[in-house]
Amino acid sequence: MSSTFETTPRPRRGNGITTPTRRGGSGRVLTDVIVDLGFVDRGTMDLAIERGNSNGSAPERVLVIDGTLSDEQLSRSVAERFGLDHIDLALYRVDPDAAKLVTPAAVRRYQAVPVSFTGDRTLIVAMVDPANVLAIDDIAVMTGYEVRPAVSSLADVERLLKRLEDPNFGDGAVAPEELEISDDPAAASAPAAPAAPLYDFRENQPINFGAAGEDSSVIQLVHRVIAEAVDRGASDIHFEPQEEEMRVRYRIDGVLQEAATVPVSAIPAVVSRVKILADLDIAERRIPQDGRISMEVGDKPIDLRVATLPSQYGEKCVMRILDQSKVMIQLEQLGMLPQALERFTKAFSQSHGAVLVTGPTGSGKSTSLYGALNQLNTIEKHIITIEDPVEYQLTGITQVQVNNKAGLTFASGLRSMMRADPDIIMVGEIRDRETAQIAIEAALTGHLVLSTLHTNDAPGAVSRLIEMGVEPFLVGSAVDCVVAQRLARLLCEECKRRTTITSEVMRANGFNVGLDLEAYEPVGCARCGGSGYKGRIGLYEVMWVSDTIRSLAVAREPAETIAHAAVHEGMMRLREDGLEKVRRGLTSIAEIARVAGTR
């Protein structure tokens with residue numbers, strides 16, 4: 001049968017792309033195209049059409065099921081029918097940056113996957129069904145790029161989907177040499193415009209987007225930022241879009257430090273990459289989202305808690321780095337002085353009662369509680385925690401994640417936990433009256449309850465629970481110990497310098513002493529990044545709830561009165577604990593003033 005079509009579409013330079021004989025479609029039915037391409041003869045096709053009419057199937061599907069027509073031949077026929085390029089994904093070098101602009105779930109739903117970029121704002125998408133206009137529109141909205149469809153077989157798309165679901169997909173990959181599919185050979189061979197550089201904080205070398213080389217892709221950029229943060233001991237990574245650039249900052253030892261800047265043109269790709277890693281909806285940019293990433297950095301398992309926040313110039317992303325090795329911390333490593341450690345250990349070693357840890361966000365409360373749980377975690381004890389979120393996974397402990405949308409709050413979860421026969425309960429945070437009431441009642445009915453509370457000092461925790469609506473006599477009876485804490489930066493052992501702090505400076509920092517103090521001050525070196533500090537240590541005040549303090553609680557005495565009684569009974573205040581660590585050369589007087597105040 002004569003035809004204006006060539007019997008075999010023309011391959012293009014062996015890169016997996018087969019161009020159609022004409023652009024824009026042939027205007028004919030698919031069965032005729034399959035015959036004209038020589039994949040089946042006319043007689044076989046006529047029989048398939050008859051069978052398809054009798055059972056309600058498309059003739060081409062009948063041929064595929066029989067094995068007469070392969071998936072690859074069908075996809076090439078579809079490409080020719082619509083006048084589109086056909087991409088053999090087994091040969092074509094897929095650009096990981098493009099492929100990861102959509103989630104694996106979207107790839108599975110639409111049977112379509114982005115494979116490369118062409119020009120500044122166009123994305124090549126390999127599709128099983130290029131007539132799926134809904135899929136094209138949705139992918140355009142998700143990615144922010146114009147979509148140029150191409151055709152691939154279903155088997156090819158499914159194989160690529162398996163690679164996409166591998167968290168290491170794209171690491172070390174280089175974008176294909178031919179990213180563009182174009183009718184204009186001159187345009188296809190034209191060199192790409194140089195991309196804006198990202199300033200590297202450590203080597204003072206620019207990282208170029210889109211250029212061939214080790215740091216060419218956004219995937220490698222984000223991975224490198226995370227790896228550098230882990231290497232430098234950061235607790236948080238901030239991606240902050242500004243009007244002309246994105247600023248990347250690390251929180252190291254509690255203080256933010258600028259790490260790098262990203263050019264404005266790369267901001268959407270960087271944010272999308274972070275959201276894809278955290279399994280967030282990249283098409284949703286109007287509301288905050290939360291997610292989690294698990295990965296290995298230098299053979300070290302790392303979890304990252306991700307939060308996005310819409311801002312004036314785009315979405316801000318914050319990653320909290322959760323180092324699994326820190327969850328196994330021993331109590332002796334917390335930095336408590338011997339008397340405080342003895343009081344704290346005695347409190348959580350009891351069979352019942354409440355032990356509370358207080359302090360602002362980021363003061364190490366969870367670390368202290370995990371340290372206690374590690375010591376309590378034995379085969380004889382049934383321990384249940386309810387947390388928001390579960391930051392670290394503890395072997396041998398039942399951990400419950402709060403889910404407010406599903407109705408699983410601290411209060412409802414705690415109420416259910418009481419029916420699960422626990423010996424020890426940890427409540428991530430007491431936020432409201434109901435949670436406080438249930439926790440206190442649990443402590444009075446034979447359970448050991450560990451929890452956190454947001455107050456400035458230990459005596460204030462008693463008043464805070466009463467203000468929440470818990471009866472004073474219940475607070476006095478249930479609470480056995482309250483620990484208040486802060487985190488201060490440790491002086492760098494390599495560069496700290498001995499100094500004398502005069503009594504005038506001590507008084508200016510709120511310490512009423514009459515003698516000079518021999519101590520150390522920060523200097524700065526390569527090891528500590530010039531800050532003079534490396535690592536952190538806790539400052540603690542541990543209040544044992546004695547009969548005297550119970551009486552003051554029942555009488556609704558203010559926190560100042562309770563604090564005075566606790567000090568009289570041997571409690572060391574936060575600033576006094578800090579001053580002792582200054583004397584021992586662990587930190588500086590300025591650092592104590594920063595984290596514990598000057599009064």
Side-chain angles (χ1 to χ4, degrees), residues 9 15-20 25 29-31 33-34 37 39 48 52 56-118 122-167 169-170 176 179 181 272 275-276 279-284:
N15 60 354
I17 302 169
T18 303
T19 59
V29 295
L30 181 59
T31 52
V33 176
I34 293 172
L37 291 178
F39 294 142
S57 299
E60 60 272 16
R61 298 312 309 170
V62 171
L63 293 171
V64 170
I65 292 171
D66 285 350
T68 307
L69 185 71
S70 69
D71 273 336
E72 184 72 14
Q73 290 171 329
L74 175 59
S75 65
R76 287 180 61 184
S77 302
V78 171
E80 184 67 27
R81 162 71 180 81
F82 288 100
L84 299 173
D85 293 293
H86 178 270
I87 299 179
D88 182 347
L89 296 178
L91 300 176
Y92 187 77
R93 298 175 66 193
V94 175
D95 185 343
D97 288 349
K100 291 205 170 185
L101 283 176
V102 299
T103 63
V107 173
R108 190 177 294 107
R109 181 166 63 250
Y110 296 128
Q111 296 182 342
V113 58
V115 293
S116 64
F117 300 95
T118 178
T122 305
L123 195 62
I124 304 300
V125 178
M127 308 180 68
V128 175
D129 179 13
N132 189 342
V133 179
L134 178 62
I136 293 173
D137 288 345
D138 282 359
I139 291 173
V141 171
M142 287 179 190
T143 62
Y145 286 84
E146 295 180 8
V147 171
R148 180 170 177 177
V151 181
S152 290
S153 69
L154 177 60
D156 272 4
V157 172
E158 289 178 341
R159 276 193 294 268
L160 181 55
L161 175 61
K162 290 181 180 179
R163 294 171 60 199
L164 280 171
E165 291 173 333
D166 180 355
F169 173 71
L179 289 180
I181 305 173
S272 293
K275 292 171 77 174
I276 287 168
D279 199 22
L280 303 180
D281 185 353
I282 63 174
E284 182 55 75

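As the structure is a computational prediction, the values presented were derived from the model and not from experiment.
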**Student:** How long is the gap from CG on Leu69 to OG1 on Thr31, to the nearest 0.5 Å?
**Tutor:**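 Leu69 CG to Thr31 OG1: 11.5 Å, rounded to 0.5 Å.
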**Student:** Please give me the minimum heavy-atom distance between Phe82 and Pro130, naming the atom from each residue.
**Tutor:**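 Nearest heavy atoms, Phe82 then Pro130: CD1-CG, 3.7 Å.
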**Student:** How far apart are the C-alpha atoms of Thr68 and Val62, what are their side-chain angles, what is the distance that settles it, and do they pass the side chain to side chain contact (heavy atoms under 4.5 Å, CB included) test?
**Tutor:** CA-CA 9 Å; Thr68 307; Val62 171; over 6 Å; no
**Student:** Quick one, Gln73 and Val64 - any side-chain contact, counting heavy atoms below 4.5 Å?
**Tutor:** no
**Student:** At what distance, to the nearest 0.5 angstrom, does CD of Glu158 lie from CD of Gln111?
**Tutor:** 7.0 Å
**Student:** May I ask you to test the Val125-Tyr110 pair for a side-chain heavy-atom distance under 4.5 Å?
**Tutor:** no
**Student:** Looking at every heavy atom in both Val157 and Ser152, which two are closest together, and how far apart are they?
**Tutor:**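 Where Val157 meets Ser152 most closely, the heavy atoms are CG2-CB, 4.2 Å.
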**Student:** Would Asp156 and Glu72 count as a side chain to side chain contact (heavy atoms under 4.5 Å, CB included) here? Give the steps.
**Tutor:** CA-CA 8 Å; Asp156 272 4; Glu72 184 72 14; 3.9 Å; yes
**Student:** Can you tell me how far the CG atom of Asp129 sits from the CG atom of Leu154, to the nearest 0.5 Å?
**Tutor:** 11.0 Å
**Student:** Rounded at 0.5 Å granularity, tell me how far CE in Met142 sits from OG in Ser272.
**Tutor:**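 Met142 CE to Ser272 OG: 11.5 Å, rounded to 0.5 Å.
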**Student:** Considering all heavy atoms of both residues, which atom of Pro114 and which atom of Val102 are nearest to each other, and what is their separation?
**Tutor:** CD-CG2, 3.5 Å
**Student:** For Pro20 and Asp85, which heavy atoms make the closest approach, and how far apart are they?
**Tutor:**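 That closest heavy-atom pairing would be CD-OD1, 3.8 Å.
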**Student:** For the CD atom of Glu80 and the OG1 atom of Thr18, what is their distance to the nearest 0.5 Å?
**Tutor:**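 The CD atom of Glu80 sits 10.0 Å away from the OG1 atom of Thr18.
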**Student:** Tell me, yes or no, whether the heavy-atom count around Asp66 atom CG, taken from other residues, nucleotides or ligands under 6.0 Å, exceeds 12.
**Tutor:**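 Counting other residues, nucleotides and ligands, CG of Asp66 exceeds 12 neighbours.
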**Student:** Taking the side chain as every heavy atom from C-beta outward, state whether Leu74 and Ser153 have any pair of such atoms under 4.5 Å apart.
**Tutor:**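 No. Closest side-chain heavy atoms not under 4.5 Å.
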**Student:** Please tell me if the side chains of Leu123 and Phe117 come closer than 4.5 Å, counting only heavy atoms from C-beta onward.
**Tutor:**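 Result yes, sub-4.5 Å side-chain heavy-atom pair found.
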**Student:** Is it the case that Ser116 and Tyr92 place a side-chain donor and acceptor less than 3.5 Å from each other?
**Tutor:** yes
**Student:** Can you tell which of Val113, Ile136, Val151, Val78 makes a side-chain contact (heavy atoms from CB on, under 4.5 Å) with Met127?
**Tutor:**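 For Met127, the side-chain contact (heavy atoms from CB on, under 4.5 Å) check succeeds only for Ile136.
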**Student:** Step by step, would you call Ile87 with Ile124 a side chain to side chain contact (heavy atoms under 4.5 Å, CB included)?
**Tutor:** CA-CA 10 Å; Ile87 299 179; Ile124 304 300; 4.1 Å; yes
**Student:** Mind checking whether Leu89 and Val115 have side chains closer than 4.5 Å, heavy atoms only?
**Tutor:**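 They are in side-chain contact.
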**Student:** Rounded to the nearest 0.5 Å, what separation is found between the CD1 atom of Ile139 and the CD atom of Glu146?
**Tutor:** 14.0 Å
**Student:** Testing the basics here: between Leu164 and Pro104, what is the closest heavy-atom pair and its distance to 0.1 Å?
**Tutor:** O-CG, 4.5 Å
**Student:** Determine the minimum heavy-atom distance between Val94 and Ala99, stating which atoms define it.
**Tutor:** CG1-CB, 4.0 Å
